[in-house]
Amino acid sequence: MKKQLETIFVCANCGNEFPKWSGQCSACHEWNSLREVKSLGKKIKGTTTRVARTGEVKNLSKIEGRPQGSAHTITFSTDINEFDRVLGKGIVRGQVVLFAGEPGIGKSTLLTQLLGKIGGLYVAAEETAEQIALRVERLGLDKDKFNILETNVVEEIEEIIERTKNVFKIVVVDSIQMVSCAESSGTPGSLTQIRESTFRLVEMAKKSGIAIFIVGHVTKEGDIAGPKMLEHMVDTVLYFEGEKNGELRILRVNKNRFGPTDEVGVFKMEEKGLREISSEEVSLIDSKVPQIGSTISMVMEGSRPLLVEIQALVTESFSQIPKRIFSGIDYNRGQLLVAVAQKVLGIPLYKEDVFVAVSGGIKISDPGVDLAVIGAIYSSYKNLPLTLKSVFNLNPSAVKAASPLDKGDLKQKAPVLMGEVSLLGKVRKVKMEERRVKEIKSLGLEVLKIEEIGELKKYSA
Ligand code: TYD
Ligand code: MG
């Protein structure tokens, strides 16, 4: 029997639900973000309370953390180090992970590799079994590990999970935008369908103990027909980022009921799939020779140090309001750094368009990158590269300490800039400085230590 559908309005930005439509979400204050959703009458937010439970009170002393007779332990490894680190200790039984990213970034590839390691059920809602077989062959994985279910109907997934309860540890649903629920209205990919299907998958995971990875596509504009709204419903949200044309991919955790939320995993997309890489291999730097408008910084994303290049382009503006475009750093932070540079370095940026980008298409949340952003802006404005050259004149002891090998090319080296910049232009020490410096030295680079951004003037050659 079809259940009665109820109309509610869900904010696509924050996921809050309302009985009536309004132009602005009263929770997150976003405009025009409420979407009509037909629901089966269950409240989706705060899923933990709504998963089919018995309603019986249990004393915890009678409950085993490790379910008896179950083939699977509470947490298990993904067998991929970077993946485990991002998740915390690994995958938890019954965990629901939303795996979000732009189309073509490598979501299906990484999850195929995950199943290649630990086996499981792959629900192919987007591709055919042949296409997946092709990918499995290309990746050189063991086909035996894969069980494919070609469907885009959530009821069928439910039935299979019910029947195979203790067979699979994990199920991958690729992708949620293609899955629909027969009981619900709307076309696949609509908010109503995505929300209802996810809700059903979450219920299944909690009932069966199977961990479910739900793939969700995110569009460039960030209007994710889904992920934002789904964040409330799942245990963990992972974002897979990078520049499609580049090789580097960052796996970032955005929400996690069972682990840290500041870790990142780093991969390289190669001929034979995604390879985990060490910090030394993260080469986001075009050149270690100083270039106009470019600086190098060592940032920490979680416990991973990453060497990044910041590029700035400062050009005379012909519009009334000069352009400020930042990619990879927060817009408001970028605005603030432009203002500090203008005031403290005395460069008239109000007449200039300023563009700042982080190489490799990665997003940086570490404020330790501030100094490098200001350095790149200054260098571009002055049309001069920032070098270590003046270290020879200003800091003879540093030169003495350098190895004979270093001394020769110190002049040509691009310095690494690190530090959070205050509104007054003072440079604050970064957290975990020793860890970063060690990494920098191991890459044969030098840190430029300064206390105020005004000092940058001495280092432009
Ligand atoms: P895919 O995992 O299909 O992306 P998503 O599921 O996020 O949409 O990845 C697609 C891209 O990855 C495609 O452009 C080809 C590339 N790729 C490789 O470079 N190497 C590989 O081994 C595989 C399987 C894909
Ligand atoms: Mg895919």
Exercise: identify the closest heavy-atom pair between [X] and [Y]:
X: Met418; Y: Val447; result: CE-CG1, 4.1 Å
X: Ala372; Y: Ile310; result: CB-CG1, 3.9 Å
X: Cys25; Y: Leu34; result: CB-CD2, 4.2 Å

side-chain contact (heavy atoms from CB on, under 4.5 Å) filter on Ile292, not counting sequence neighbours, yields Ser379, Asn383, Pro385
Side-chain contact test, heavy atoms from C-beta onward, threshold under 4.5 Å: evaluate it for [X] versus [Y] and give yes or no.
X: Arg135; Y: Leu139; answer: yes
X: Phe267; Y: Ile277; answer: no
X: Asp366; Y: Arg436; answer: yes
X: Phe326; Y: Val338; answer: yes
X: Leu386; Y: Leu456; answer: yes
X: Arg200; Y: Glu155; answer: yes
X: Thr236; Y: Gln95; answer: yes

Applying salt bridge (charged side-chain N to carboxylate O under 4.0 Å, His left out), can you list everything that pairs with [X], at least two apart in sequence or on another chain?
X: Glu433; value: Lys429
X: Arg249; value: none
X: Glu162; value: Lys165
X: Glu420; value: Arg428

For residues 102-148, the ring-ring contact (aromatic ring centres under 6.0 Å, His included) pairs (sequence neighbours left out) are none
- Check step by step if side-chain hydrogen bond (donor to acceptor under 3.5 Å, both in side chains) holds for Glu126 and Ser175. CA-CA 6 Å; Glu126 223 169 72; Ser175 66; 2.5 Å; yes
Salt bridge flag under 4.0 Å for residues [X] and [Y]:
X: Lys255; Y: Glu231; answer: no
X: Lys143; Y: Glu137; answer: yes
X: Arg304; Y: Glu82; answer: yes

Please determine if Lys169 forms a cation-pi arrangement with Phe76, meaning its NZ or CZ atom is less than 6.0 Å from the six-membered ring centre and no more than 45° off the ring axis. yes
Original post:
Has the side chain of Lys268 got a donor or acceptor atom that lies under 3.5 Å from a matching backbone atom of Gly273?
Top reply: no
Go through Asp79 and Lys117 one step at a time and tell me if the salt bridge (charged side-chain N to carboxylate O under 4.0 Å, His left out) criterion holds. CA-CA 6 Å; Asp79 267 1; Lys117 294 270 187 191; over 6 Å; no
Item to complete: Give the ring-plane orientation class for Phe83 versus Phe99, where under 30° counts as parallel, over 60° as perpendicular and anything between as tilted.
Response: tilted
Handout entry: Near-ring test Phe18/Phe9, centroid separation under 6.0 angstrom
Key = no
